[in-house]
Number of protein chains: 2
Amino acid sequence: MLPARLHPAGHEGPPPGVEAQPLLRRLGRLATLSAAEVSIITEACRGPLRELPARGEIHAEGACPPPAALVSGWAARVRMLADGRRQIVAFLLPGDLIGRPPPCLPAPCAALALTRVLLADAQPLFAASRFPQAPPTSGLARALRAAELQEEVLLRDQVVRLGRQTAYERLASLLLELRQRLEAAGLAEPNRFALPLTQEVLADALGLSIVHINRTVQQMRRDRLIELRGGQVIILQQETLQSVADWQDMAGLQD
Amino acid sequence: MLPARLHPAGHEGPPPGVEAQPLLRRLGRLATLSAAEVSIITEACRGPLRELPARGEIHAEGACPPPAALVSGWAARVRMLADGRRQIVAFLLPGDLIGRPPPCLPAPCAALALTRVLLADAQPLFAASRFPQAPPTSGLARALRAAELQEEVLLRDQVVRLGRQTAYERLASLLLELRQRLEAAGLAEPNRFALPLTQEVLADALGLSIVHINRTVQQMRRDRLIELRGGQVIILQQETLQSVADWQDMAGLQD
DNA sequence: CGCGTCGTTGACACGGCTCAAGCTTAGTGG
DNA sequence: CCACTAAGCTTGAGCCGTGTCAACGACGCG
């Protein structure tokens with residue numbers, strides 16, 4: 001059963017404000033949130049949202065943007081080399097956080113919308129987590145911290161993929177990562193999810209050429225590990241995929 | 001002029017305790033430290049140090065070790081694949097921090113000593129930075145935070161290297177990174193530093209084979225960009241090296 | 001209908017890997 | 001002082017994974 005909060009037809013502007021779900025689900029999984037904290041999050045997602053079209057720049061390289069939460073759509077952290085080569089450093093999915101509160105370095109990556117994207121102002125979340133009030137530490141603070149640590153784990157996975165895995169393994173590994181993250185945001189069925197990425201984007205993420213990504217996808221199809229059509233992935237043999245990818249579930253991250 | 005704090009002959013156990021310098025220099029560069037904070041750091045480095053030989057395991061994959069500071073020697077964060085392939089995710093240099101205080105995920109990487117290594121207990125630093133006492137925020141807290149953010153920047157550089165650069169470019173980029181980091185710890189002259197790494201270690205860091213690292217080094221020697229003998233690197237043409245590496249100074253990181 | 005974007009395929013080149021051997025250096029024990 | 005050994009470095013030959021170039025097909029949109 002797919003999310004009931006899909007709005008009927010085309011995207012005629014930001015939806016009513018029911019879109020707090022990915023953030024709520026994800027942060028709620030990282031730590032238990034109080035009712036007050038839940039409403040802070042909901043409120044932030046109801047607030048004025050920033051909308052960007054596909055290919056829009058969320059922030060430039062070297063910027064130090066105010067913290068935002070990705071409410072819907074896909075984005076990526078991107079670094080360009082002088083001669084135009086491009087590397088996608090990380091994918092940003094609904095429920096992910098994009099900037100950091102003020103004491104921060106200039107971002108070494110630009111952030112780029114890969115689809116149409118809605119961003120909420122995340123400043124209230126950080127503000128609310130800052131004052132160590134009643135509880136040992138606020139659940140929100142723990143969740144934000146855990147999200148940050150998780151991002152670093154993903155970065156390390158990316159390093160291993162790029163440094164020591166073949167094209168086939170990289171693709172398997174990335175698909176499993178995306179499935180798990182989407183699932184944490186409530187956006188994936190166990191073996192099926194939307195993948196709104198062109199092969200060029202996959203190539204730039206996995207450090208390969210477009211052509212080779214294509215061949216790799218096809219091989220994986222022929223091996224009947226996955227189906228991939230029309231922006232939908234179906235994982236046919238999760239076990240095999242996991243062993244190909246040398247997958248190790250990062251499990252808990254429950255603080 | 002090289003550091004005057006080199007103790008005379010062989011390594012007959014931890015030195016008197018003068019080895020707080022890399023940590024002090026590095027953290028002091030990230031934020032201004034109060035006299036009290038300086039003495040906390042000095043004290044931690046005088047305290048009982050943990051010593052490991054080259055190849056010793058600082059902590060295993062999946063562990064959640066107490067925070068430590070690398071006082072002397074080189075180490076690395078390492079991930080192994082099931083079939084024995086190895087990827088060095090990051091290098092750890094004197095002045096770097098290794099674990100995090102308790103609310104932390106199980107480490108996705110093992111930490112491995114690459115040379116003989118001395119570790120100080122970093123818990124006092126984190127403890128001291130936790131209570132937001134007098135100043136706006138303690139300089140130590142800001143420095144520790146900046147160190148963490150800087151680590152993430154380095155990880156992203158590593159992703160770009162592995163994803164989109166050639167062997168030659170990767171090596172150039174890594175050498176420049178190491179020079180800069182060692183310099184921040186007071187362990188490098190402008191164009192010369194110690195590089196106590198075997199070519200196998202370089203290969204595992206740069207996602208290449210030993211043989212190819214060797215050829216790449218030789219090419220760089222023939223091009224007279226660097227000299228590299230007996231664990232010493234001399235950078236002969238910094239400008240050229242920077243343009244090869246697509247180097248962008250991450251500059252400030254002054255909060 | 002025409003155009004642009006994306007996906008697909010083939011031919012070929014090349015960077016980097018593997019295998020294999022020889023070399024240098026430092027350490028060790030006779 | 002000299003084998004002897006082990007670790008690290010170097011070099012060559014050949015292969016293979018991946019990149020490049022080029023063309024074509026499929027689809028969606030104005």
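Note on naming: letters A, B, ... go to the chains in the order of the sequence lines (proteins, then strands), and numbering restarts at 1 for each one.
Taking the side chain of B:Arg55 as heavy atoms from C-beta on, and the options D:dT20, C:dC17, D:dG8, the nearest nucleotide is D:dG8. For A:Val211, the side-chain atoms get nearest to D:dC21 when compared with the rest of D:dC21, C:dT8, C:dG16. In the set D:dT20, C:dC6, D:dT11, the nucleotide with an atom closest to the side chain of B:Asn214 is D:dT11. For B:Arg215, the side-chain atoms get nearest to D:dG12 when compared with the rest of C:dT9, D:dG12, C:dG7.
Atom CD1 in A:Ile210 sits roughly 15 Å away from atom P in C:dT9 (whole-Å rounding). One interatomic measurement links the two molecules: CG of B:Leu208 to P of D:dT18, which rounds to 14 Å at whole-angstrom precision. One atom, CZ of B:Arg164, and another, P of D:dT18, lie 13 Å apart when rounded to the nearest Å. In this structure, A:Gln218 atom CD and D:dT18 atom C1' are separated by 16 Å, rounded to whole Å. Atom NE2 in B:His212 sits about 15 Å away from atom P in C:dC14, given to the nearest Å. Atom CG of A:Leu206 is separated from atom P of D:dG17 by 18 Å (rounded to the nearest Å). In this structure, A:Glu200 places its CD atom 17 Å from P of C:dG4, rounding to the nearest Å. Rounded to an integer number of Å, the gap from A:Arg229 CZ to D:dG25 P is 23 Å.
Between A:Phe193 and A:Leu187, every side-chain heavy-atom pair lies at or beyond the 4.5 Å cut-off.
Nucleic acid contact for B:Thr198: sugar-phosphate only, since backbone atoms but no base atoms lie under 4.0 Å from a heavy atom of the residue. At a threshold of 4.0 angstrom between heavy atoms, the contacts of A:Gly207 are confined to the sugar-phosphate backbone, with no base atom among them. Using a 4.0 Å heavy-atom cutoff across all strands shown, B:Arg222 reaches no nucleic acid atom at all.
Atom CZ of A:Arg229 sits in a sparse spot, with 12 or fewer heavy atoms from other residues, nucleotides or ligands closer than 6.0 Å. By the neighbour-count criterion of 12 heavy atoms within 6.0 Å, atom CZ of A:Arg222 is densely surrounded, having more than that number from other residues, nucleotides or ligands.
There is a side-chain donor-acceptor pair under 3.5 Å between B:Gln158 and B:Arg161. With no hydrogens or angles considered, no side-chain donor-acceptor pair links B:Gln165 and A:Gln87 at under 3.5 Å.
Between A:Gln199 and the phosphate of C:dT5, there is no side-chain N or O to OP1/OP2 separation shorter than 4.0 Å.
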